[in-house]
Amino acid sequence: MRMTRLVAKTQRQAPVDAEAISHRLLVRAGYIRRLSSGVYAYLPLGLRVLRKVEAIIRQEFDNAGAQEVLLPALQPVEIWEETNRSATMDDVLMRLEVRGGKFVLGPTHEEAVIAAVSPDLASYRDLPATVYQIQTKFRDEARPRFGLLRTREFVMADAYSFDESKEAMRESYRNIFDAYCRIFDRIGVEYYPVEADSGSIGGDVNHEFMVPAAIGEDHFASCSNCGYRANIEAAVRSSNFSGGGQGEVGRSYEVETGQAKSIDEVVDLLKSKGIEVRASETIKTMALKSKDSKLTLALVPGDRVLKVPHGYAPLSGEEFAQYPFLTLGSIGPISMGDRGVRVIADNSIVSNLGYVVGGNAEGIHILDAVLGRDFSVDDFDNLVVVTQGDSCPRCEAPMDLRRSVEAGHTFQLGLTYPQKIRSARFSGEDGSETMYFMGCYGIGVSRFPAVVAEVSNDDAGLIWPISIAPFAVHLVAINFSGNEEVKAAAEQIYGELSKLGIEVILDDRDVGAGVKLKDADLMGMPIHVVVGPKTIANGLIEIKLRSAGSSRSVPLNLAIDSISETVVELIGNSALSA
RNA sequence: CGGGGAGUGGCGCAGCGGCAGCGCACCUGGUUUGGGACCAGGGGGUCGGGGGUUCAAAUCCCCCCUCCCCGACCA
């Protein structure tokens, strides 16, 4: 490709609304252009990156035995009503009402894939089967942001496995999981599969593929000692608590806490009364409702954030008002059992410590409340959001919290969808109608260019790994139009590299050397070859790695060999880092 | 959905009642060519939309739309 023909222009300034580094660089370097909030056009450079990512995914899925299909983005709303996701995913569904009926633009394809392939999976003889597609998805995101990282229209590669049994499903899951690892390895980005929460898609075992990045909206807990890794929403800490061991705790007593409602306010107020209490010695009591709408109180140490357990949800304002004995700011566990209210507590709440708890009366808190003596708990669990330094649940070592971007997610769905969809059945060996076990797997294709750009750049611009770079070689010809020697050498290198199948972009523009060098840095091809009047007079050209910055001079007659070797080396390195 | 902010050429911005401007980008000619050059000339705008006030509105008032940030939400 010649830059005089390339549909792209670099920009000195990024749009003011571009916040993420990847967003700024991809726009400035001419890879993408925003058409609307969360809606982007891929320009030639951007599409080349996207296509490379797709190619890697296709190869690895094909090698794993998955078969490519293409499901419709436009889906009849009826299939969404059958699983009730028309309601449960209402907030992200893009709906469409046209002459032909009511449709949604698919945010994901579980219903559609079942409708599409079920007839072909009619017998146990047809199983196992895994299909995948690379499709545009639509989600009415509450807040699109960070360029390509969170958009309303995006490309995803989603796979679906169908198996006879749970055991077989686990095998299929492992198979795709391994393919995911190879995909991430080949793209060449640091990643961690972490245990995750399954969210509204349902199902049992699942993993998120996290790429550490400062811009990430997710966090995962990571134990460097034993390798335990889990999304912040799923992570737990060790339940091994020795307790405070305060020894004798006196009788519990009431204290007037006036307007103090939050834990911090209560601690401050007590301090002003001469009572020194740490937030960790208070108990935060949160009102939840269970799946069957029963009131449940959850107790966590005052300095911790409640992780709402599965099957529970916070009370709405109206629901809260239905229980007159709940006084906002002073809720506590004492005598809740007598009211028939279920109480659950974090494992770290122990019986040999006097706690500060809400007094269940306006402006009242109880001090020295002791578990087992002053209040009881029906059940213990891990109920707090893990923070930096918490002990690993497996080996007790302190865990790190890492900010990251979710680039993939794999699920063992099991029977979640077949239970809701009549056609999701096959004839078993004994002839009986049986539901198949499903797995589903999503990988953010259009997120990759952004994620890689996010973690691989410097002040001058993008730095692509050769695996997904639009071009392997950026051929910078200084004074191309004014120096015959430069022009001839550049054309020769360009022609020979092209013949060898090495993707090269030639800067044949009639602009200053500075502009060309700056643009080359900004655009981020892994190998830069500079042909300039100074060096070509001595029969030399320069080769430099974008990632390293340093360059070496090579005689023109050895240029092609040297460049080819460098390409091979880079490809080898990216395979090695696997 | 709540709070805050912004809409003027492709991008970045100024102008804030009286001729719609600047830098980058773009076009023509010339000089340049190793780290975002220079000279001369040129093209491009329903000033987000609608309504109002005024002799006169990008500028003041009202309504709407869009976008951004923080939060809520996020297979």
Side-chain angles (χ1 to χ4, degrees), chain A residues 8-20 23-24 27-30 33-39 41 43 80 83 85 88-93 106-111 137-147 149-152 154 156 158 160 196-203 206 208 216-218 231 233 313-314 316 405-406 408-411 413 416-417 439-444 459-461 476-483 486-487 507 509-523 528 530-537 540-542 544 549 551 553:
Chain A
K9 257 191 213 341
T10 56
Q11 277 170 218
R12 200 178 296 219
Q13 276 170 304
V16 72
D17 57 33
E19 210 201 355
H23 187 192
R24 301 176 64 83
V27 171
R28 281 190 55 212
R33 182 160 289 126
R34 194 185 77 95
L35 294 193
S36 176
S37 178
V39 180
L43 302 172
W80 285 82
T83 55
R85 290 212 294 180
T88 59
M89 287 185 70
D90 181 59
D91 49 337
V92 298
L93 280 184
T108 174
H109 282 73
E110 285 76 21
E111 289 85 353
K137 310 278 183 183
F138 298 86
R139 286 185 198 179
D140 195 6
E141 285 288 345
R143 187 139 95 84
R145 61 189 125 173
F146 305 139
L149 284 173
R150 179 164 296 276
T151 54
R152 294 194 292 186
F154 58 98
M156 182 192 275
D158 44 328
Y160 304 88
D197 190 89
S198 62
S200 70
I201 200 164
N206 73 99
E208 280 174 338
E217 299 177 273
D218 282 304
N231 184 296
E233 289 162 15
S316 70
V405 172
E406 178 190 352
H409 204 156
T410 54
F411 300 85
L413 290 175
T416 311
Y417 289 86
C440 79
Y441 318 87
I443 189 163
D459 290 345
V476 179
I478 292 165
N479 199 5
F480 179 85
S481 49
N483 185 306
V486 166
K487 187 170 188 170
D507 195 343
R509 296 174 300 171
D510 185 17
V511 297
V515 174
K516 293 194 180 195
L517 293 165
K518 289 279 188 198
D519 276 350
D521 286 344
L522 178 59
M523 289 163 70
H528 291 183
V530 181
V531 181
K534 273 189 192 169
T535 51
I536 202 69
L540 298 173
I541 57 109
E542 288 157 87
K544 65 179 174 185
S551 76
S553 293

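Letters go in sequence order (proteins before strands), and every chain restarts at 1.
- Rounded to whole Å, atom P of B:C73 lies 17 Å from atom CG of A:Asp90.
- Closest to the A:Pro15 side chain, of the nucleotides B:G12, B:C73, B:C74, is B:G12.
- Spacing of C1' atoms, B:C13 relative to B:A72, comes out at 34 Å, to the nearest Å.
- When each of A:Arg34 and A:Asp91 is assigned the nucleotide of RNA chain B bearing its nearest heavy atom, the one mapping closer to the 5' terminus is A:Arg34.
- Here B:G10 presents its P atom at 16 Å from CG of A:Leu43, a figure rounded to the nearest Å.
- Dashed line: the shortest gap from a side-chain N or O of A:Ser36 to OP1 or OP2 of B:U66 is not under 4.0 Å.
- Nucleic acid contact for A:Arg24: none, since no nucleic acid atom lies under 4.0 Å from a heavy atom of the residue.
- If you take CG of A:Asp17 and C1' of B:C13, they are 14 Å apart, rounded to a whole angstrom.
- Nearer to the 5' terminus of RNA chain B, by closest-nucleotide assignment, is the contact made by A:Arg33 (compared with the other of A:Glu208 and A:Arg33).
- Rounded to whole Å, the P atom of B:C11 lies 15 Å from the corresponding atom of B:C26.
- With C1' as the reference atom, B:C24 and B:G36 are 10 Å apart, rounded to whole Å.
- When the shell of 6.0 Å around CZ of A:Arg33 is examined, it contains 12 or fewer heavy atoms from other residues, nucleotides or ligands.
- Using P as the reference atom, B:C55 and B:G15 are 28 Å apart when rounded to the nearest Å.
- The distance from atom CG of A:Leu35 to atom P of B:C67 is 12 Å, rounded to the nearest whole Å.
- Backbone-only contact: A:Glu19 has heavy atoms under 4.0 Å from sugar-phosphate atoms and none from a base.
- For the P atom pair drawn from B:U8 and B:G4, the interatomic distance equals 22 Å after rounding to whole Å.
- Rounded to the nearest Å, the gap between the P atom of B:G48 and that of B:A40 is 32 Å.
- A:Pro107 comes within 4.0 angstrom of no nucleic acid atom, judged by non-hydrogen atoms across all strands.
- When the C1' atom of B:C69 is taken as reference, atom CG of A:Leu149 falls 17 Å away, rounded to whole Å.
- The same atom, C1', is picked in B:G9 and in B:G45; the two are 6 Å apart, to the nearest Å.
- For RNA chain B, if you chain together Watson-Crick or G-U pairs that step i with j, i+1 with j-1 and so on, the runs of at least three with distances under 3.5 Å are B:1-7 with B:65-71, B:10-13 with B:21-24, B:26-31 with B:37-42, B:48-52 with B:60-64.
- One C1' atom belongs to B:C19, the other to B:G2, and the distance between them is 45 Å to the nearest Å.
- Atom NZ in A:Lys9 sits about 8 Å away from atom C1' in B:C26, given to the nearest Å.
- Rounded to an integer number of Å, the gap from A:Arg143 CZ to B:G4 P is 15 Å.
- In this structure, CD of A:Glu217 is placed 13 Å from C1' of B:C70, rounded to the nearest angstrom.
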Checklist line | Protein-to-nucleotide contact annotation, 5' to 3' order, nucleotides 32-42 of chain B [B base; S sugar-phosphate only; - none; under 4.0 Å, heavy atom] | finding: BBBBBS-----

